[in-house]
Amino acid sequence: MNLSQILLKRIESQLDVETGCYDVALSGGVDSVVLLHLLHRLRAQHNTLDIRAIHVDHGLSENAASWRHFCENVCQQWQIPIICESIAIHLKPRQSLESIARDARYSVFAKYVTTGRTLLLGQHLDDQVETFFIRLKRGSGLTGLGAMRRVGQTQQDVCWLRPLLDTTRHEIETYAEQNNLEYVVDESNKDTRFDRNFLRHQVIPELSRRFSGFSACVARSATLLQQQDALLQEYIRSDYASCSDNARLQVSTLKKMSKARQMEVVRYWLSQHRLTMPSKKWLDNLLLQVGQITDDSKFKLTIADIAIRFYRDYLYIVAPRYIDEVYQLDPSKGRIELSDGRVLIQTGGDKSATVGARLSVRFNLPHLRIHPHGKPGSNTVKHWLKDAKIPSWERPYVPLIFVDDELVEIVDVGVSKSFYKSHGKRWIVEE
């Protein structure tokens, strides 16, 4: 079996060639061109295979326009639809150009690789080895040293697959030569100021000359690390389930675990909320403070604009919220959308009873008084919110319903005694 047949079989075994819908990330480089050509040949054998190409112009090279033109011509020649989109890269201090470009690129993919479609990426075995060393340089743990996964899903719910991950750069270049494929060469790939290029041109070739089969062994180690990490994740998810409740973490249960288990549970908790993973120093500080928490602790740690808060034995992740101060209600509609994404819905009472009155929603009026139905007497909004065990940072966002200028309801907490007698319970919050 020749190289072309080997690669075709290798790709075919990973795809649903009968009903699959695939988008190839096409840069114009040899990896993506070879991948697209293999898909083109598979489509000739399986005419139901749905293929598109997506080219993202980062605008970082003076040759970007010619690369886009090349990709369009290739797709026209092979009769493959192509989507081309330009993006602007804004590099901030202490940020990696490679990382910023990748994030911007994936935001484009998220627009087009919708449900039922899979993004195909051209990374290969040599890329895997380079990624391993980059992660090693950063001091990554088990998950990081597993390097690139074969399949996965982005935070924007884009499903992706790397079908060339077992294929070497030499095999890809040989295939391109044997099939007379043209491709573009990114001049930045030779710039050894970039870590990946330094490893590619100066470090890994030297190691490969010294140690036979070096790259294949590193790639195999990365695969083993992925398998071990998958096993570890099962235990972490079990620990997380034992101390999580509606996205909160129960501190009393967390404290019963070893520090290592606590650390992994907190990491998993943050990842479930798709937060950028903080440093080990930050995590150590969090666990130290968690160990000293008491019931009346005023606990707060921040990650960028996100806060970790504590209330009644639970840790919460609190994102910043913005909400208009006053909303006017239309009694005939019984529904209003708030600026933070919540919806107020009227669920009971006589809607016609308030026709002609001025209904409004207001917020953060802790010192107003109300006597809720079923409660022993009148007290402040602050008192009733605390009585309902609502965390302090949530209280300014609890909707207060007014008829004319009279407070008649603290939503999801209580309706005033006098208003309840004539109109009944009225509003709930739908997240």
Side-chain angles (χ1 to χ4, degrees), residues 244-249 273-275 298-300 302 305-431:
S244 65
D245 172 32
N246 193 27
R248 310 176 299 174
L249 279 187
H273 289 265
R274 297 182 174 180
L275 299 182
K298 293 184 178 179
F299 176 97
K300 182 179 180 181
T302 58
D305 59 346
I306 303 296
I308 307 298
R309 305 294 298 262
F310 172 76
Y311 183 73
R312 291 180 177 265
D313 195 33
Y314 284 93
L315 290 175
Y316 294 77
I317 292 176
V318 182
R321 295 170 67 177
Y322 307 95
I323 194 164
D324 296 335
E325 293 182 357
V326 179
Y327 297 81
Q328 300 303 318
L329 294 175
D330 182 345
S332 65
K333 292 184 178 179
R335 174 188 172 91
I336 187 169
E337 294 184 9
L338 306 179
S339 57
D340 63 355
R342 295 177 298 168
V343 178
L344 272 180
I345 299 175
Q346 185 174 354
T347 61
D350 180 6
K351 294 181 182 180
S352 64
T354 51
V355 172
R358 288 185 296 107
L359 269 71
S360 61
V361 187
R362 305 178 196 178
F363 300 88
N364 200 21
L365 298 168
H367 301 299
L368 288 185
R369 299 184 71 88
I370 184 173
H371 181 178
H373 172 74
K375 300 293 184 180
S378 176
N379 216 316
T380 63
V381 170
K382 179 180 179 180
H383 169 86
W384 295 122
L385 293 176
K386 185 176 181 180
D387 182 68
K389 299 181 173 57
I390 294 174
S392 59
W393 60 88
E394 291 286 345
R395 295 169 194 169
Y397 303 101
V398 174
L400 308 174
I401 307 297
F402 286 76
V403 174
D404 294 326
D405 289 319
E406 178 188 358
L407 173 62
V408 300
E409 181 174 358
I410 305 174
V411 173
D412 288 337
V413 174
V415 182
S416 72
K417 183 177 180 180
S418 59
F419 194 78
Y420 184 87
K421 285 182 178 178
S422 56
H423 304 306
K425 180 173 173 59
R426 300 189 62 81
W427 299 88
I428 63 169
V429 172
E430 182 181 84
E431 295 294 337

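FYI, side chains are in, hydrogens and waters are out, and symmetry mates aren't considered; it's all heavy atoms of this structure.
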Any donor-acceptor pair under 3.5 Å from Tyr311 side chain to Trp393 backbone: no

Side-chain touch Val411/Val429, heavy atoms, less than 4.5 angstrom: yes

Heavy-atom closest pair, residues Gln328 and Ser360: OE1-CB, 3.8 Å

Minimal non-hydrogen separation, Pro376 against His371, with atom names: C-NE2, 3.9 Å

Sub-4.5 Å side-chain heavy-atom contact between His383 and Ile370: no

Lys386 side, atom NZ; Asn379 side, atom CG - distance, nearest 0.5 Å: 11.0 Å

Arg248 and Asp313: CA distance, side-chain angles, deciding distance, salt bridge (Lys or Arg N to Asp or Glu O under 4.0 Å) verdict: CA-CA 10 Å; Arg248 310 176 299 174; Asp313 195 33; over 6 Å; no

Smallest separation among heavy atoms of Leu368 and Phe402, with atom names: CD1-CZ, 3.6 Å

Short side-chain to backbone donor-acceptor contact, Asp404 and Glu406, under 3.5 Å: no

Sidechain-backbone polar pair: Arg395 side chain, Ile390 backbone, donor-acceptor under 3.5 Å: yes

Gap separating the OH atom of Tyr314 from the CG atom of Asp245, nearest 0.5 angstrom: 4.5 Å

Inter-residue atom distance Leu385.CG - Leu400.CG, 0.5 Å rounding: 7.5 Å

Heavy-atom pair of closest approach, residues Asp324 and Ser339: N-OG, 3.1 Å

Atom pair OH (Tyr327) and CZ (Phe363), whose distance is rounded to the nearest 0.5 Å: 5.5 Å

Atom pair CD1 (Ile401) and CD1 (Ile410), whose distance is rounded to the nearest 0.5 Å: 11.0 Å

Pair Val343-Leu338, side chain to side chain contact (heavy atoms under 4.5 Å, CB included): steps then yes or no: CA-CA 6 Å; Val343 178; Leu338 306 179; over 6 Å; no

Close side-chain approach of Ile317 to Ile308, heavy-atom, < 4.5 Å: yes

Distance, nearest 0.5 Å, that separates OG1 of Thr380 from CG of Asp387: 10.5 Å

Glu394/Lys389 ion pair, N-O < 4.0 Å: no

Heavy-atom closest pair, residues Arg342 and Pro399: NH1-CD, 4.0 Å

Shortest non-hydrogen separation from Gly377 to Pro372 and the atoms involved: O-CD, 4.1 Å

Donor-acceptor pair, side chain of Arg369 and main chain of Ser378, under 3.5 angstrom: yes

Contact check, side chains of Ser392 and Arg309, non-hydrogen atoms, under 4.5 Å: yes

Any side-chain heavy-atom pair of Leu407 and Val381 under 4.5 Å: yes

